[in-house]
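Working notes, structure below.
Letters A, B, ... mirror the listed sequences (proteins, then strands); counts begin at 1.
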2 protein chains.
Amino acid sequence: MSPQRADAVRNREILLGTARQAVASGDLSLQLNEIARRTGMGVGTAYRHFPTRRALLEALAAPAFAGVVADARAAASHDDAWGAVAALLRGLLVRQLADAAFAEVIAADRADDALPETTALRVEFAALARTVTDRARDAGVLRADLTDDDLHHLACGVVFALGLSPDPGARLDAYLRALLQGVRAPGPA
Amino acid sequence: MSPQRADAVRNREILLGTARQAVASGDLSLQLNEIARRTGMGVGTAYRHFPTRRALLEALAAPAFAGVVADARAAASHDDAWGAVAALLRGLLVRQLADAAFAEVIAADRADDALPETTALRVEFAALARTVTDRARDAGVLRADLTDDDLHHLACGVVFALGLSPDPGARLDAYLRALLQGVRAPGPA
DNA sequence: CGGACAAGCGGACTGTCAATCCGGTTGGCT
DNA sequence: AGCCAACCGGATTGACAGTCCGCTTGTCCG
């Protein structure tokens, strides 16, 4: 009746927890052999739950991804067209900074080996982002030469730039300001 | 008398050429075993010339790196403080787009296993970039909350963003405009 | 020219890590 | 209790980075 056995559910949670801890401590390599060893499980168990590094990565990223989708939904129903763009970008930056796994997932557009649930999130997010972006462009507050994909890419680029700093969190606000100023339509004057 | 034997010089050139070709065709993995096989040389020969992937990468990147240093020197002696920043950033973007190996080298600040010559280029570039940046900030045309390192990081971030596009070259101008607008000091009004 | 020898070469080998395979074990149902 | 599909463990394979060392050859000197 239940889709899987109780021990399997438990083991999956343990693996996810251990992996999340590894990522939080700065190790994004997600070596399944190593994670399995840390949990005391066999390697086979780890690989059955997460057949590839990518599968584990996307499982880790799912909550954060769902978060930005929620952000985007809120932004899409926001009154202020520019405020919506700013909220969307800020959310993207903050969540990527807080979750390296999510940052890697959202930056990789390669849908080849993506889990279906990740693809679903990506599609939903793309639609919302497009709404927000189009509205801002129509209102003349967003540069006309930038698409929703461009904003997505630039946000990932800024996160990459933050990652080059010794203390990314300390530069977040400055880079966000620059990003927003950069994508805003130049004054008509 | 000569620092190395004629065959060694020749082999080094062949390896570099093969590697450059691999990078140009989109393969940045620089697997020395594979490159050696393609040249018909033994693996040992390849590894003697380039002990690690990084060594080969930096050798490939050296000309492009020297190019941006030249750009930076020209920019530093430019009259217009803002024009110098624009020229510097444009050069960084264009050269990184044209040479993926250089893009990887300049993005990685890790000096751990860097070749001394690469470190020298990096130091020289940093000094010139600092000059240009400080001048622009003093002139009030560059955002006061951005350092020379920030510009460096943001440029690498924009290149990363370009890499997410299906056709990076097509978006270069748009992203460069956004970058310049983003780092420029907001109007005093 | 030709002999000596350091510089250079080749490729077998080791270590690491992702991913697979399959014999043994166990949770959950009747 | 007894069955069996689902699950587990870990030895194993395969790909790749990098090392080691015996053999070859370019170069110099007599």
Side-chain angles (χ1 to χ4, degrees), chain A residues 1-23 25-61 100-101 104-105 108 110 112-115, chain B residues 1-23 25-61 100-101 104-105 108 110 112-115:
Chain A
M1 182 156 293
S2 96
Q4 36 179 12
R5 255 160 55 170
D7 54 346
V9 173
R10 194 180 338 116
N11 281 336
R12 186 189 154 93
E13 290 312 311
I14 292 174
L15 285 167
L16 270 179
T18 304
R20 205 174 297 279
Q21 193 171 344
V23 169
S25 76
D27 178 13
L28 198 50
S29 64
L30 294 183
Q31 301 173 10
L32 285 214
N33 282 323
E34 171 62 16
I35 289 171
R37 199 189 54 70
R38 294 237 281 260
T39 63
M41 296 179 211
V43 195
T45 306
Y47 274 97
R48 189 160 346 85
H49 285 292
F50 305 104
T52 104
R53 175 184 179 278
R54 235 200 129 60
L56 174 54
L57 189 73
E58 295 186 15
L60 288 176
E104 184 172 336
V105 169
R110 309 282 313 142
D112 291 2
D113 48 355
L115 269 54
Chain B
M1 183 159 291
S2 94
Q4 36 181 13
R5 254 160 53 169
D7 56 344
V9 173
R10 195 178 341 118
N11 280 336
R12 187 190 154 92
E13 289 313 310
I14 291 175
L15 286 167
L16 270 179
T18 303
R20 205 175 297 277
Q21 191 171 346
V23 170
S25 76
D27 177 14
L28 199 50
S29 64
L30 292 184
Q31 302 173 9
L32 285 214
N33 282 313
E34 170 62 15
I35 289 171
R37 198 189 55 70
R38 292 237 281 261
T39 63
M41 296 179 209
V43 196
T45 305
Y47 274 97
R48 187 161 347 83
H49 285 291
F50 305 104
T52 106
R53 176 185 177 278
R54 242 204 121 58
L56 175 54
L57 188 75
E58 294 186 16
L60 287 177
E104 184 171 336
V105 169
R110 309 283 310 144
D112 291 2
D113 47 356
L115 269 55

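Separating the CG atom of B:Leu15 from the P atom of C:dC9 is a distance of 9 Å, rounded to the nearest angstrom. Between the P atom of D:dT25 and the CD atom of B:Gln4 lies a distance of 19 Å, rounded to the nearest Å. One atom, CZ of A:Phe50, and another, P of C:dC17, lie 21 Å apart when rounded to the nearest Å. Here the C1' atom of nucleotide D:dC8 and the CZ atom of A:Arg12 are 17 Å apart, to the nearest Å. Following rounding to the nearest Å, B:Leu32 (CG) and D:dA17 (C1') show an atom-to-atom distance of 8 Å. B:Leu30 has its CG atom 13 Å from the C1' atom of D:dA17, to the nearest Å. Spacing between atom CZ of B:Arg37 and atom C1' of D:dC16 amounts to 13 Å, rounded to whole angstrom units. A:Asn11 has its CG atom 17 Å from the P atom of C:dT25, to the nearest Å.
Salt-bridge formation is detected for the pair A:Arg53/A:Glu104: a Lys NZ or Arg NE/NH1/NH2 atom is positioned less than 4.0 Å from an Asp or Glu carboxylate oxygen. Contact check on A:Arg37 versus A:Glu34 returns a salt bridge, with a Lys/Arg side-chain nitrogen under 4.0 Å from an Asp/Glu carboxylate oxygen. Between A:Glu13 and A:Arg20, none of the side-chain N atoms (NZ, or NE/NH1/NH2) sits under 4.0 Å from a carboxylate O, so this pair counts as no salt bridge.
A donor-acceptor pair shorter than 3.5 Å cannot be found between the side chains of B:Asp27 and B:Ser25.
Side-chain N/O atoms of B:Thr45 include none lying less than 4.0 angstrom from OP1 or OP2 on C:dG8.
Mapping B:Asp7 and B:Arg48 onto DNA chain D by nearest heavy atom places B:Arg48 at the nucleotide closer to the 5' end. Each of A:Gly44 and B:Glu34 was matched to the nucleotide of DNA chain D holding its nearest heavy atom; the match closer to the 5' end belongs to A:Gly44. In terms of position on DNA chain C, the residue among B:His49 and B:Asn33 whose nearest nucleotide sits closer to the 5' end is B:His49.
For a distance-only test at 3.5 Å, the side chain of A:Arg5 qualifies as a donor-acceptor partner of the base of D:dA6.
Taking both residues in full, the closest heavy atoms of B:Val23 and B:Ala101 are given as CG1-N, 4.2 Å, listed atom of the first, atom of the second, then distance.
Checking C:dG10, D:dG18, D:dA11 against every side-chain atom of A:Val43, the shortest atom distance belongs to D:dA11.
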